[in-house]
There are 2 protein chains.
Amino acid sequence: MASTARWQTAAQVLAQVRRRPGITRATMAQELHLSSGLATEITARLRALRLIAETPAPPRGRGRPTTVLGPHPGGPLVAAVELRHEDWRCAVAGLDGRLAGEVTRRHRGRDPRAVLGAIRAGLAELRAAHGDRLRAVSLAAAGTVHDEHLVQSATLGWGPVDLTGLTGLPLLFGNDATLAGVAEARTGAATAAGTALHLIVETGIGGTLTVGGRPATGAHGAAGEYGHLPFGDRARRCPCGARGCWDLDVDGRALARHLGADEPADPRSYARAVLDRTDPAARAALSTVAAALGSGIAGLVNLHDPDTVTLGGLGAPLRAADPGAFAAAYTDGLMAFHRTQPPPVVDATHGDDGPLHGAALLGLDHITSEAGLAAWAADVTGR
Amino acid sequence: MASTARWQTAAQVLAQVRRRPGITRATMAQELHLSSGLATEITARLRALRLIAETPAPPRGRGRPTTVLGPHPGGPLVAAVELRHEDWRCAVAGLDGRLAGEVTRRHRGRDPRAVLGAIRAGLAELRAAHGDRLRAVSLAAAGTVHDEHLVQSATLGWGPVDLTGLTGLPLLFGNDATLAGVAEARTGAATAAGTALHLIVETGIGGTLTVGGRPATGAHGAAGEYGHLPFGDRARRCPCGARGCWDLDVDGRALARHLGADEPADPRSYARAVLDRTDPAARAALSTVAAALGSGIAGLVNLHDPDTVTLGGLGAPLRAADPGAFAAAYTDGLMAFHRTQPPPVVDATHGDDGPLHGAALLGLDHITSEAGLAAWAADVTGR
DNA sequence: CTAATATGCTCGTACTACGAGGATAAGGCG
DNA sequence: CGCCTTATCCTCGTAGTACGAGCATATTAG
């Protein structure tokens, strides 16, 4: 109990440093209501533990100059991994969450064992390069995560795949859309929002609700399957097994259907192609999809009452294809009392890096938790 | 900082006592990993502050007998108020959350000022009776709560009504369905669930997702409008202003539509009447509604990935009207991977007392927070 | 009555946090 | 260049919480 309580204030300081990059020690102490003596003690401790570095702050008028708090160059690191349908990426992040050493590698084969083997080898390289500084691995997967398995990856076409044992380090999982939502809520387009809804359209539609930057992950981590809400025609069966999934109304499959084409093998690239077209048929299909997107989002605003909605992936260009149709459907689907001040729907700012970024953030949460700090301190002093 | 940190462990002890009624001091200390010395100190402090009472525990084998921790007979109280369409109720609860002195009064008029005036008078009576022991008021309202206003109360037919200033005490608000969900998650049918979804059918359908017993309330407290997700026919306009609301497919209005009747003035009593009918037309209508309920719940399970779903209000009898149709629609709407172990859909156990009970729980959360305890302690020692 | 067992209490120690006062490192100004 | 002002940092005495060992206490089993 006290063994972790000991790190409570230190964890708060680190959280503050992470939340407000470039913060000075003086303002940090003020905002956390720390006495200057305590600030001295804690920063000294964190410095000695190689968790933060203090550099002289640029002078700002009179008075004794303070220091800027930042990540220690020898501090702990997380490996963020993103598993996508064509490739996988990984990068390393320090306490500031900045990704470094990003590497992307295409899958050699489609076999889960081969792919996971390649990732495992990549992680082993990272461990060799960074040694004990690497404290956790955080994985964003393009598919539904359930407990510690990956199920229902529409893009990868895998059966249930066990994700544990990827490495000897603590391993955190998340759906890619979930983690992208975390990134938007913490450092992206919904920074100011307490409750934020992130939706991302690629093949289908995923997303997450974040409250205070933490995602609602459900009992098994499988929450956020917004695309499998039955907003659509119940006569249509979705590959996920359910019926009337919203998925089928907002991605490339919907565009193909409206255009009378066969179901595309890769709905994402199909949608991108249609977005580039200017013929009336394509524009009409895009308008229909933009409206389906707006209407569904309105329902979700009714449900979640978020401060902000962020749109990622193809969501942004789909809305941009017919902003009017989107806005009309959005407003029309809102409960009347929401219409006076509807939550803004803004484009996501992280682009394709959202999942990787969010994975890093979640890994850092683990490291900077009170328990994580206690473990790091034991390691550093033990060595 | 330390002023509230001081109450951290005490708050944990109280939370434990609330969560596990009848817990002994020894097991409490064990489960919280408190040394026996600290347990002595804290229980003594809480006893002196009239927060807990210790009574001899029934002997259980050898060893020095321990004590059972319970609410102090002179401890703090909350007033729980429920505002319904025909009447309002209030009761008082101590730290064990047991409601006492429940009073129900029918509205004299429909005017918000008259109704709120009556409630204000009732609360004044409670304050006179309980004095400084009454520490907070918690209100469950049959309608959408947005910030500190009540908007869109389908049943009450009110415009936006400001709920602040009901009393001089701290005032907590919640939608009735939200608070009923809290009650189910904490002390009802979903006690074991970390993530629980509660849905209640009355006029329309409301509910809440709770994580660890805390409801997802959204940015303005208006979350949980499950009935206004567009699971239904977009051609139908809902009184809420939106289209295709699920509401219209699962309550008395849906039954009337299926039976070719006019929209009923009171969908609840209409639905109850239909539930009592045995003619084929009624049974067919009920089956259709049970299926609409099951299908929507499946979508919400896809979305939230809960451990358990609880059904309140007319939800239970509607499902019971055709369990087969419900189950078929439920399973059919689930993503395939959920089907091996679908979350159980169980009937709520709190019945009509759910909202009042949940309001009391939320008020007690406020009282037993670290800040609340600090305030209580200041009052008790100051007097 | 005694042994066994489980729990409560006392007290010395460790550690975190606070707060007051002094020390320190700049800028501003004559 | 030296002194004042300003803002911050550091030191140290004090308070309060938590821990842990040892002892005290209350009960059952035999």
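By convention in this document, chain letters (A, B, ...) are assigned in the order of the sequence lines, proteins followed by strands, and residues within each chain are numbered from 1.
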Protein-nucleic acid N or O pairs under 3.5 Å, nucleotides 1-6 of chain D:
unit_1: D:dT6; atom_1: O2; unit_2: A:G63; atom_2: N; d: 3.1

A:P59 vs B:G37, nearer the 5' end of DNA chain C by closest nucleotide: B:G37

Separation of C:dA20 P from A:L38 CG (nearest whole Å): 15 Å

For A:A80 against A:A360, the heavy-atom pair lying closest together: CB-N, 3.8 Å

A:S36, nearest nucleotide to its side chain (from C:dG8, C:dA17, D:dC10): D:dC10

Neighbours of DNA chain C within residues 23-30 of chain B, by heavy-atom distance under 4.0 Å: B:R25, B:A26

SB check A:D132 A:R127 (cutoff 4.0 Å): no

Atom pair CD1/CD of B:I42 and B:Q12 - distance to nearest 0.5 Å: 8.5 Å

Donor-acceptor pair between B:T310 and B:H198 side chains, under 3.5 angstrom: yes

Interatomic distance, A:R6 CZ vs C:dA17 C1' [rounded to whole Å]: 14 Å

Worked check of side chain to side chain donor-acceptor pair (under 3.5 Å) between A:R60 and A:T66: CA-CA 9 Å; A:R60 212 177 287 286; A:T66 182; over 6 Å; no

Considering only distance and modelled atom types, tabulate donor-acceptor pairs under 3.5 Å from the side chains of residues 178-192 of chain A, sequence neighbours left out.
unit_1: A:E184; atom_1: OE1; unit_2: A:A189; atom_2: N; d: 2.9
unit_1: A:E184; atom_1: OE1; unit_2: A:T349; atom_2: N; d: 3.1
unit_1: A:E184; atom_1: OE1; unit_2: A:T349; atom_2: OG1; d: 3.4
unit_1: A:E184; atom_1: OE2; unit_2: A:T349; atom_2: N; d: 3.2
unit_1: A:E184; atom_1: OE2; unit_2: A:H350; atom_2: N; d: 2.9
unit_1: A:R186; atom_1: NE; unit_2: A:G213; atom_2: O; d: 3.2
unit_1: A:R186; atom_1: NH1; unit_2: A:D365; atom_2: OD1; d: 3.3
unit_1: A:R186; atom_1: NH2; unit_2: A:G213; atom_2: O; d: 3.4
unit_1: A:R186; atom_1: NH2; unit_2: A:D365; atom_2: OD2; d: 2.6
unit_1: A:T187; atom_1: OG1; unit_2: A:A183; atom_2: O; d: 3.2
unit_1: A:T187; atom_1: OG1; unit_2: A:H350; atom_2: NE2; d: 2.8
unit_1: A:T191; atom_1: OG1; unit_2: A:G188; atom_2: O; d: 2.6

Atom pair distance, as rounded to whole Å: CG in A:L34 and C1' in D:dC10: 15 Å

Rounded interatomic separation in angstrom, taking CD from A:E54 and C1' from D:dC10: 13 Å

N or O in side chain of A:T66 less than 4.0 angstrom from D:dA7 OP1/OP2: no

B:R214 atom CZ, over 12 foreign heavy atoms within 6.0 Å: no

Pairing residues for B:R47 by the side-chain hydrogen bond (donor to acceptor under 3.5 Å, both in side chains) criterion, not counting sequence neighbours: B:E54

Contacting residues from residues 39-48 of chain B, given that a heavy atom lies under 4.0 angstrom of DNA chain C: B:T40

With sequence neighbours excluded, residues passing side-chain hydrogen bond (donor to acceptor under 3.5 Å, both in side chains) with B:E31: B:Q16, B:R20

B:W7 six-ring centre to B:R45 NZ/CZ under 6.0 Å and within 45° of normal: yes

Integer-rounded Å distance: C:dA17 P and B:Q8 CD: 11 Å

Closest non-hydrogen atom pair, B:A79 against B:L134: N-CD1, 3.7 Å

